[in-house]
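All remarks here apply to the structure that follows.
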Amino acid sequence: QQRYFWLIAAGVGFGSFFALMEWPSDHAMPYLMALRSKDIFFELAFILAMGVVLVIPALAGSSIVIEREEETYELLAMTSARPWHVLLAKLLNSAGHFMVMLIALMPIAASAFFLVGLDTDLLWRTLLVVASSALLCAAVGVVCSAFAQRPMAAIGSSILGAILLLGLPVILFCIVLALFDVVDPEDSMSFCAYFCPALMFILNFEMALSTATFVCAAVCILASVSCIALAHRGLRATWGTALRTDRPVAKTTLSLRQPPEPFGRHANPIYVRDRSFDYDRSLTMRCFMIVLPFVFSFAACLLIAIIAYVRPPYAAQGAFIGWSYLQAVLLCLLLAALTANLFTKECERGNL
């Protein structure tokens, strides 16, 4: 689509901007030029990594469930396509967007070689980690899309699953253990890097970890194969079946837990169909949505208080700053996810 090419142009523009900002002066020393070339490549690799985490799970997470919502999923079964055909097409489509972005940023990455030079081993190690992470994110998104019934639920669970499998919580856990002097941070991070692509991506720019990089990529590929097999099983279980829009509506009861239904059973099939794509309005889900943010906030405040008690004051300040950065990132992502489909959902369902 046209918007994706605008996204490619934006990525190339950001990459060009960072490369120009990091470019040394005409009379720079060789060691400074070498540092600048490494910084340019790190920023370009970071742009690719953010695209892997944010773009690929969203594309893969909405690939199959959108077929059910648009009522074209059963039409696929009427063709000569098989479940693994559809699965492979959705997987390649999601990973193909990343490959186009990678090819578009290659000339900017090659500009670093006009300086003193870039370590080619670092180049291939970083690309291996990013490519295996992209495959893993696409596989996780396809799994969530195969089993979900709502597009937003599939996209949200895809991004959350990608964050968990890439090992971002592991990095936070290692930082907490280091703050409390439980383990040596260097040893813990070196051990966790074998199954944590995000941590391996960071450590590759600090030291040469060839063996650990290959092990981490192999772990990502094995996890991707497992996710693809699980997604294929889910597609085969529902292959050729349409999304049920005639599910019986609950009986009308005058209770506080479940309000009376505005329509009778099968009275309005459009209402029943839209209800299946809506969020759960049960009392448990409402309590979960209200209680969970307070639980996370209380846990963060308690952690900062404990750090201030057992460690020097600057450690608590560092933990507070880290929590503030994490809040800034999560709030931006949450607001973008909530507001991105306000009107497109109405247009897609034809009720704008």
Side-chain angles (χ1 to χ4, degrees), residues 1-8 11 48 50-102 130-166 220-221 223-244 273 276-279 333 336-338 340-341 344-345 347-349:
Q1 297 180 0
Q2 186 179 5
R3 60 185 180 185
Y4 179 72
F5 292 99
W6 285 111
L7 182 63
I8 293 291
L48 287 176
M50 292 301 296
V52 167
V53 177
L54 299 179
V55 177
I56 293 183
L59 292 174
S62 62
S63 58
I64 299 176
V65 69
I66 202 70
E67 302 285 349
R68 296 195 180 102
E69 187 178 17
E70 295 179 354
E71 297 182 354
T72 57
Y73 183 68
E74 62 271 17
L75 296 178
L76 293 175
M78 300 174 63
T79 64
S80 59
R82 294 292 180 264
W84 69 272
H85 293 158
V86 176
L87 181 63
L88 183 62
K90 301 296 184 182
L91 192 65
L92 291 179
N93 182 36
S94 303
H97 290 80
F98 168 75
M99 295 304 298
V100 174
M101 179 67 76
L102 179 63
V130 174
S132 58
S133 301
L135 178 62
L136 180 60
C137 291
V140 171
V142 169
V143 169
C144 297
S145 184
F147 287 94
Q149 296 292 331
R150 305 176 182 91
M152 287 303 299
I155 295 174
S157 58
S158 300
I159 296 177
L160 181 61
I163 290 175
L164 292 176
L165 290 180
L166 290 178
C220 291
I221 293 174
S224 303
V225 172
S226 302
C227 292
I228 293 172
L230 184 62
H232 182 260
R233 182 177 180 181
L235 285 180
R236 288 188 58 185
T238 59
W239 188 247
T241 60
L243 182 66
R244 293 183 59 86
R273 178 178 179 271
S276 64
F277 292 115
D278 205 351
Y279 283 109
L333 296 178
L338 291 178
N341 68 331
T344 56
K345 180 173 63 176
C347 295
E348 187 177 19
R349 296 179 182 178

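Below, each value reflects all heavy atoms present in this structure, side chains not excepted, and no hydrogens, waters or symmetry copies.
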Where do Leu88 and Leu92 land on the side chain to side chain contact (heavy atoms under 4.5 Å, CB included) test, with the steps shown first? CA-CA 6 Å; Leu88 183 62; Leu92 291 179; 4.0 Å; yes
Val52 versus Val130: any side-chain heavy-atom pair under 4.5 Å? yes
Starting at CG of Leu136, measure out to CD1 of Ile221 and round the result to the nearest 0.5 Å. 10.0 Å
Working to the nearest 0.5 Å, report the span between OG of Ser145 and CG of Leu91. 11.5 Å
Spacing of Phe147 atom CZ and Leu235 atom CG [to the nearest 0.5 Å]: 8.0 Å
Shortest non-hydrogen pair, Leu87 vs Ala231, comes out as CD1-CB, 3.8 Å
Run the side chain to side chain contact (heavy atoms under 4.5 Å, CB included) test on Met99 and Leu102 for me, step by step, so that the C-alpha distance in whole Å, both residues' side-chain angles and the decisive distance to 0.1 Å come before the verdict. CA-CA 5 Å; Met99 295 304 298; Leu102 179 63; 4.2 Å; yes
Between CZ of Arg82 and NE2 of His85, what distance do you get to the nearest 0.5 Å? 7.5 Å
Between Cys220 and Leu135, is the side chain to side chain contact (heavy atoms under 4.5 Å, CB included) condition met? List the steps. CA-CA 8 Å; Cys220 291; Leu135 178 62; over 6 Å; no
How many angstroms lie between OG in Ser94 and CD1 in Ile56, if you round to the nearest 0.5 Å? 7.5 Å
Check residues 60-67 and write down every donor-acceptor pair under 3.5 Å in which the side-chain atom is one partner and the other belongs to a residue at least two apart or another chain.
from, atom 1, to, atom 2, distance (Å)
Ser62, OG, Ala58, O, 3.0
Ser62, OG, Leu59, O, 3.4
Ser63, OG, Ala60, O, 2.7
Glu67, OE1, Thr72, OG1, 2.5
Glu67, OE2, Lys90, NZ, 2.9

To the nearest 0.5 Å, atom CG of Leu165 lies from atom SG of Cys227 at 6.0 Å
Check whether any side-chain heavy atom of Ser133 lies under 4.5 Å from a side-chain heavy atom of Leu166, and answer yes or no. yes
Which residues pass the side-chain contact (heavy atoms from CB on, under 4.5 Å) test with Leu160, sequence neighbours left out? Leu164
